[in-house]
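Working notes, beginning with the structure itself.
Order of listing sets the numbers, starting from 1, for every ligand and every atom in it. Here, residue 1 is the first one in the sequence, and each next residue gets the next number.
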Amino acid sequence: MIQLDNVSKQYKTANGSLTAVDNVSLTIQDREIFGIIGYSGAGKSTMIRLLNGLEKPTSGDVLVNDVNISKARGNALRNARHHISMVFQHFNLLWSRTVAENIAFPLEIAGVKKDAREKRVKELIALVGLEGRDDAYPSQLSGGQKQRVGIARALANNPTVLLCDEATSALDPETTDAILDLLVSINEKLGLTIVLITHEMHVIRKICHRVAVMEKGKVVEQGNVLEVFQNP
Ligand code: ADP
Ligand code: ADP
């Protein structure tokens, strides 16, 4: 479970401070697909950085699987962050490495031995539907295939939470739908929690169970997707 209690984040600026996230409280249940939607500048990216522990809140608490990642330090923070993985808008692949090597990268960092790594990479490649592309380089892949690599890499170390940062915003509508279908199947098969931020209503409507709508740092509405978007 992910819980935000009265979380605010202020950035210092040249002429004072700017409140990027303003007293946000929300709970995301295990296995949920939860969307955070808002226009540019609403505070979505700051929310993602608070959830993955890259930023500390100015006030309030961020709990991930009962660990207070706003207070955790050192090993406790590293362990908590081990459960959280990211998918990026521009994929962030290593261009001089193949599909298999990109997916193996987080396993290498985690110290997984070669045999186990190769077995795991095979499983992940099958999971995201990239069979036969093991040795391709990112430049040889379509946008959708690159994002499949990004998703496989994010899943390599069995996270319990997948944070998707505008994961389909660089893709055409058809590819977007295919990637969203993949996220749903991963959510169902692996039972992990998916939090996605987007400025696209379509993405929320297609796969999210619940949604929080952000404006100027505040959550102005949250709840079941159908309920929230029925309001005039
Ligand atoms: P979104 O992802 O919804 O576009 P952000 O979280 O990126 O929103 O930004 C929210 C507000 O915080 C914006 O006004 C932005 O300019 C400001 N902001 C974001 N990051 C920083 C930072 N590191 N320093 C100062 N201001 C920032
Ligand atoms: P896109 O078309 O997805 O925007 P980019 O050229 O922006 O592709 O690169 C996507 C990601 O890959 C970026 O995070 C970038 O830093 C990284 N990247 C690009 N070229 C290389 C490279 N030669 N080696 C390693 N990483 C690279």
Side-chain angles (χ1 to χ4, degrees), residues 2-28 32-64 68-73 77 80-81 84-93 143 146-147 150-151 154 159 161-173 175-176 179-180 183 193-225 228-229 231:
I2 297 170
Q3 207 176 336
L4 276 74
D5 290 328
N6 302 310
V7 170
S8 293
K9 177 70 190 179
Q10 275 147 16
Y11 292 112
K12 290 204 188 349
T13 59
N15 40 9
S17 75
L18 183 149
T19 303
V21 169
D22 192 356
N23 200 31
V24 166
S25 296
L26 54 86
T27 302
I28 301 171
E32 191 166 33
I33 304 183
F34 191 95
I36 300 175
I37 190 167
Y39 295 116
S40 175
K44 306 182 299 296
S45 306
T46 303
M47 287 283 282
I48 285 261
R49 293 198 296 271
L50 289 166
L51 288 171
N52 68 18
L54 279 179
E55 298 269 13
K56 302 263 179 212
T58 311
S59 59
D61 292 307
V62 179
L63 289 94
V64 177
N68 190 334
I69 61 165
S70 17
K71 303 237 160 74
R73 299 265 185 287
L77 181 61
R81 289 186 63 187
I84 305 165
S85 205
M86 289 277 298
V87 176
F88 305 92
Q89 178 174 6
H90 294 293
F91 325 121
N92 293 11
L93 303 179
K146 284 182 209 160
Q147 195 56 295
I151 291 169
V161 179
L162 194 63
L163 298 177
C164 301
D165 186 355
E166 299 279 5
T168 57
S169 300
L171 305 174
D172 63 59
T175 310
T176 291
I179 293 295
L180 294 177
L183 290 175
T193 306
I194 298 180
V195 182
L196 56 90
I197 69 167
T198 182
H199 63 279
E200 293 174 304
M201 182 86 91
H202 166 75
V203 168
I204 302 281
R205 281 188 190 277
K206 187 168 158 78
I207 69 164
C208 292
H209 304 131
R210 287 194 308 136
V211 61
V213 182
M214 288 192 76
E215 269 174 32
K216 295 180 186 153
K218 288 191 189 342
V219 169
V220 292
E221 230 177 317
Q222 63 172 304
N224 184 288
V225 170
V228 168
F229 290 134
N231 294 341

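Within the 4.5 Å cutoff, side-chain heavy atoms of Ile48 are placed close to those of Met86.
Annotation: salt bridge (Lys or Arg N to Asp or Glu O under 4.0 Å) contacts involving residues 207-217, sequence neighbours excluded, comprise Glu32-Arg210.
For ligand 1, the 4.0 Å heavy-atom shell takes in Tyr11, Leu18, Ala20, Tyr39, Ser40, Gly41, Ala42, Gly43, Lys44, Ser45, Thr46, Arg49, ordered by chain and residue number.
For the atom pair NE2 of His90 and CD of Glu166, the computed distance is 9.5 Å after rounding to the nearest 0.5 Å.
For Asp172, there are no salt bridge (charged side-chain N to carboxylate O under 4.0 Å, His left out) partners at least two apart in sequence or on another chain.
Judged by distance alone, with hydrogens and angles left aside, the side-chain atoms of His199 form no donor-acceptor pair with the main-chain N or O of Gly38 at under 3.5 Å.
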Which pairs would a plain distance check flag for residues 54-64, meaning a side-chain donor or acceptor within less than 3.5 Å of a matching protein atom at least two apart in sequence or in another chain?
{"unit_1": "Glu55", "atom_1": "OE1", "unit_2": "Lys9", "atom_2": "NZ", "d": "3.3"}
{"unit_1": "Glu55", "atom_1": "OE2", "unit_2": "Tyr11", "atom_2": "OH", "d": "3.4"}
{"unit_1": "Glu55", "atom_1": "OE2", "unit_2": "Arg49", "atom_2": "NE", "d": "3.2"}
{"unit_1": "Lys56", "atom_1": "NZ", "unit_2": "Ile69", "atom_2": "O", "d": "3.4"}
{"unit_1": "Lys56", "atom_1": "NZ", "unit_2": "Ala72", "atom_2": "O", "d": "3.1"}
{"unit_1": "Thr58", "atom_1": "OG1", "unit_2": "Gln10", "atom_2": "N", "d": "2.8"}
{"unit_1": "Asp61", "atom_1": "OD1", "unit_2": "Asn68", "atom_2": "ND2", "d": "3.0"}
{"unit_1": "Asp61", "atom_1": "OD1", "unit_2": "Lys71", "atom_2": "NZ", "d": "2.7"}

